[in-house]
Protein chains: 2
Amino acid sequence: MSTRRDAVRDTLRRSEGFRSAQDVYAEMRQHGAKIGLTTVYRALQALADGGDVDVLRTDDGESVYRACASGDHHHHLVCRRCGHTVEVAGPAVERWAETVGSEHGFTEITHTVEVFGTCASCSSSVRAG
Amino acid sequence: MSTRRDAVRDTLRRSEGFRSAQDVYAEMRQHGAKIGLTTVYRALQALADGGDVDVLRTDDGESVYRACASGDHHHHLVCRRCGHTVEVAGPAVERWAETVGSEHGFTEITHTVEVFGTCASCSSSVRAG
DNA sequence: GGGGATTTTGACAACCATTTTCATTTTGGC
DNA sequence: GCCAAAATGAAAATGGTTGTCAAAATCCCC
């Protein structure tokens, strides 16, 4: 009985980058899906809790979601113009975080790492335009 | 005429970790300062724009501010229990972000890195309590 | 299938940090 | 002192997100 949740996940999978709850809702409605905003929020949360999608916060405080290919721990390289996202691994960063944390006596160390930039196609279209 | 702004900065300096705008406002009022919430927000923004304070977002979307000792680029090791914060440098991370970005054709690369953990005194008080 | 308990759904209201508005106060220049 | 420009702050607006609660769908045991 998770038709709705599956629909939300599918919508997310079809997207290249991170999408907000409101985005997902609008897109689903546009495609004729009969679903409420509340349910989209709940589905997104459940998906995030279950580790099926990754969440991050934009600079203006919106939560954005993405169905990632890898279930393993990874980070994101996000185009700040078009939102195109590449999943990247960073073993060096993992080790660094762990080291710097324990050097200062911290335990149960976690970290957030996101890399932003302008992707190749966006920088060429800027030059062209 | 930046008495207010200076007062906000001073309040921030007296804090160990990151504080929200509402925190700063409440504390200033408690100490008898005559200042409005709007002004605290404005001062915090100006300070952040000028690079005098660092900003980050909590998991629940609140913006929190900190007057950092170093004006240079650095990251934070934050205790998730008491908020105690240590400024850390990560040259390896800087290089990694730059490398991973250009490998994928991205330019104008920036990054956000935060490390969370439980600090020594918090983990010992948990064991004791 | 039937019936009742349980879960899911979604329209709407409530929340709450943050921003905007706008009238008042303060400041700086002369 | 006087005026224009900037700063201030109380109150209202904003907007993403969450809570409420009644209706609808689903499950489960018979």
Side-chain angles (χ1 to χ4, degrees), chain A residues 1-12 15 17-67 78 80 83 85 112 114, chain B residues 1-12 15 17-67 78 80 83 85 112 114:
Chain A
M1 161 215 322
S2 33
T3 320
R4 311 295 176 136
R5 184 178 305 181
D6 290 343
V8 168
R9 177 168 28 213
D10 289 347
T11 303
L12 227 40
S15 302
F18 283 85
R19 310 292 305 274
S20 74
Q22 314 254 359
D23 272 355
V24 172
Y25 171 70
E27 181 165 330
M28 293 181 78
R29 297 293 292 222
Q30 223 154 31
H31 286 287
K34 190 177 169 327
I35 192 171
L37 182 55
T38 310
T39 306
V40 173
Y41 272 104
R42 273 193 289 240
L44 251 15
Q45 263 166 351
L47 254 14
D49 287 350
D52 291 325
V53 309
D54 285 0
V55 196
L56 62 87
R57 292 254 177 193
T58 63
D59 282 343
D60 54 321
E62 231 181 346
S63 292
V64 287
Y65 305 82
R66 181 167 192 273
V78 184
R80 69 167 67 82
T85 300
T112 66
E114 305 299 336
Chain B
M1 148 173 353
S2 34
T3 319
R4 311 295 175 136
R5 184 179 307 181
D6 289 342
V8 169
R9 177 169 27 214
D10 288 348
T11 303
L12 226 40
S15 302
F18 283 86
R19 310 291 306 271
S20 74
Q22 314 256 358
D23 273 354
V24 171
Y25 171 69
E27 182 165 330
M28 293 181 78
R29 298 293 292 222
Q30 223 153 32
H31 287 287
K34 191 179 169 323
I35 191 171
L37 182 55
T38 310
T39 306
V40 173
Y41 272 104
R42 274 193 287 240
L44 251 15
Q45 263 166 350
L47 255 14
D49 287 350
D52 290 325
V53 309
D54 285 359
V55 196
L56 63 86
R57 292 255 177 192
T58 64
D59 281 344
D60 54 321
E62 232 180 347
S63 291
V64 287
Y65 305 82
R66 181 168 192 271
V78 185
R80 68 166 67 81
T85 300
T112 67
E114 305 298 337

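From a predicted model like this one, the values you see are computed outputs, not experimental measurements. In the text below, chain A, chain B and the rest are named by the order of the sequence lines, each starting its count at 1.
Atom CZ in B/Arg57 sits about 13 Å away from atom C1' in C/dC16, given to the nearest Å. The CG atom of B/Leu44 sits 13 Å away from the C1' atom of C/dA17 (whole-angstrom rounding). The distance between atom CD of B/Gln45 and atom P of C/dA17, rounded to the nearest whole Å, is 16 Å. Put simply, CZ on B/Phe18 is 19 Å from P on C/dA17, counting in whole angstrom units. One can place CD1 of A/Ile35 at 10 Å from C1' of C/dG10, the figure rounded to the nearest angstrom. The CZ-P distance, from B/Arg19 to C/dA17, rounds to 14 Å in whole Å.
Looking at the side chain of B/Leu37, the nearest of the listed nucleotides D/dG9, C/dT18, D/dT17 is C/dT18. Taking every side-chain heavy atom of A/Tyr41 into account, D/dT17 is the closest of D/dT17, C/dT21, D/dT20. The side chain of B/Thr38 sits closest to C/dT20 out of D/dT17, C/dT20, C/dG10. Of the candidates D/dG9, C/dT19, C/dG10, C/dG10 carries the atom nearest the A/Arg4 side chain, counting heavy atoms from C-beta on. Across C/dT18, C/dT21, D/dG16, the shortest atom-to-atom separation from the side chain of A/Gln22 is found for D/dG16.
By the neighbour-count criterion of 12 heavy atoms within 6.0 Å, atom CG of A/Asp59 is sparsely surrounded, having that number or fewer from other residues, nucleotides or ligands.
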